[in-house]
Amino acid sequence: MQAKASVKAVAVSTKVMAARTSWMPGSVHPKHLDGTLPGDFGFDPLNLGEDPKNLAWYVQAELVHARFAMLGAAGILIPEAMTKAGILNVPVWYEAGAAEFTFASPFALFMAQVWMMGFAETKRYYDFVSPGSQGEPGSFAGWEAAFGGSGTPGYPGNSFDPFGYSKDPKMLEEMKLKEIKNGRLAMMAMLGFYGQAGATGTGPIDNWLAHLADPFHTTVASNSVAVPFL
């Protein structure tokens with residue numbers, strides 16, 4: 001009976017694995033990617049996540065990079081679009097670093113960023129090493145409830161979840177999937193922004209408008225930097 005149950009369980013597991021969405025049709029999912037991670041489509045061609053500890057860290061690294069990319073993409077597109085609309089008057093994103101700030105010196109801004117990023121990254125690291133430790137009573141002078149996390153590394157919850165998504169397990173899993181999908185798209189978009197700036201010397205909104213004005217002649221294939229052999 002146990003042997004039959006085992007065979008049946010393997011058959012069911014194989015069927016579930018076969019039904020999973022794959023990043024490339026027909027590809028075989030690595031054994032260490034069992035579909036439990038948000039956005040797991042079996043993509044690990046170099047088997048970097050074969051070690052469970054490495055996989056856990058790469059998951060967190062991807063999540064952080066995805067969030068930075070989403071913020072970065074918004075910070076590039078929105079100001080440029082508003083400048084084009086006449087609402088703002090700010091430089092294109094790759095020249096913004098040279099702009100002068102009158103409210104604080106560059107050194108003060110740098111030190112403020114080092115302190116804030118250092119604080120956030122330290123809290124994130126300790127939450128990864130010891131999930132839930134940042135919410136222990138007395139760990140942060142009475143403010144620990146705001147940094148306690150949801151119990152899952154990488155998902156702060158509490159004050160960082162104003163809409164209460166983490167309270168509904170089904171909704172939380174759905175939002176995790178949406179976040180990582182949008183984050184991966186944003187990372188690819190940022191790579192495109194870097195390439196566009198290097199190849200055309202303009203921002204993404206300018207590139208888009210130029211393409212709309214002449215869609216058959218203003219493409220990646222018409223740029224000598226992108227396609228040097230043309």
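If you're wondering where the values come from, they're calculated on a predicted model, not measured in any experiment.
- Atom OG1 of T202 is separated from atom OH of Y94 by 5.5 Å, given to the nearest 0.5 angstrom.
- Note on ring orientation: taking the six-membered ring where Trp is involved, the planes of W93 and Y194 are tilted (angle from 30° to 60°).
- Judged by distance alone, with hydrogens and angles left aside, the side-chain atoms of Q60 form a donor-acceptor pair with the main-chain N or O of P153 at under 3.5 Å.
- When the side chains of ILVMFWY residues are joined at heavy-atom separations under 4.5 Å, either directly or via intervening members, V92 and L209 end up in a single hydrophobic cluster.
- Of the possible donor and acceptor atoms, none in the side chain of S130 sits under 3.5 Å from a partner among the backbone N and O of Y126.
- Side-chain heavy atoms closer than 4.5 Å link hydrophobic residues (I, L, V, M, F, W, Y) into clusters, and following such links, possibly through other members, connects I205 to L212.
- Inter-residue side-chain proximity for D206 and K84 is flagged as met; some heavy-atom pair is nearer than 4.5 Å.
- You'll find the side chain of L33 reaches within 4.5 Å of the side chain of L55, heavy atoms only.
- In this structure, F41 and K181 have side chains that are in contact, with non-hydrogen atoms separated by less than 4.5 Å.
- The local environment of CG in N89 is sparse, with at most 12 non-hydrogen atoms from other residues, nucleotides or ligands closer than 6.0 Å.
- Rounding to the nearest 0.5 Å gives a distance of 9.5 Å between CG of N182 and CG of L177.
- Contact detail for A74 and P79: the closest heavy-atom pair is O-CD, 3.5 Å.
- Heavy-atom minimum distance, P91 versus A96: CG-CA, 3.9 Å.
- Listed for the H211 side chain is no donor-acceptor partner under 3.5 Å among the backbone atoms of T219.
- To the nearest 0.5 Å, atoms CE (M117) and CZ (R124) are separated by 8.5 Å.
- Residues M175 and M70 are members of separate hydrophobic clusters, defined by side-chain heavy-atom contacts under 4.5 angstrom among Ile, Leu, Val, Met, Phe, Trp and Tyr.
- Using a 4.5 Å heavy-atom threshold, the side chains of E80 and P204 count as touching.
- Annotation: the span from I180 atom CD1 to E62 atom CD amounts to 4.0 Å, rounded to 0.5 Å.
- In plain terms, the two heavy atoms of N223 and A199 that are nearest each other are ND2-O, 3.3 Å.
- Without hydrogens or angle criteria, Y165 side chain to K176 main chain gives no donor-acceptor distance under 3.5 Å.
- By the rule that hydrophobic residues join a cluster once side-chain heavy atoms approach within less than 4.5 Å of another member, L63 and M187 end up as members of separate clusters.
- Judged by distance alone, with hydrogens and angles left aside, the side-chain atoms of R184 form a donor-acceptor pair with the main-chain N or O of G39 at under 3.5 Å.
- The CG atom of D168 lies 9.0 Å from the CD atom of E174; values are rounded to the nearest 0.5 Å.
- Transitive grouping of hydrophobic side chains (ILVMFWY, heavy atoms separated by less than 4.5 Å) keeps F163 and L172 in distinct clusters.
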- Message: Could you go through I76 and M190, starting from their C-alpha distance and side-chain angles, then the distance that decides it, and tell me whether this counts as side chain to side chain contact (heavy atoms under 4.5 Å, CB included)?
- Response: CA-CA 9 Å; I76 288 172; M190 290 299 298; 3.6 Å; yes

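- With a 4.5 Å cut-off on side-chain heavy atoms, N47 and H32 count as touching.
- Put simply, CD1 on I87 and CD1 on I78 are 11.0 Å apart, with the number rounded to the nearest 0.5 Å.
- W115 and F119 have parallel rings, their planes meeting at less than 30° on a 0 to 90° scale where 60° marks the start of perpendicular.
- The side-chain heavy atoms of E179 and Y155, taken from C-beta on, include a pair separated by under 4.5 Å.
- Environment of NE2 in H65: sparse, with no more than 12 heavy atoms of neighbouring residues, nucleotides or ligands closer than 6.0 Å.
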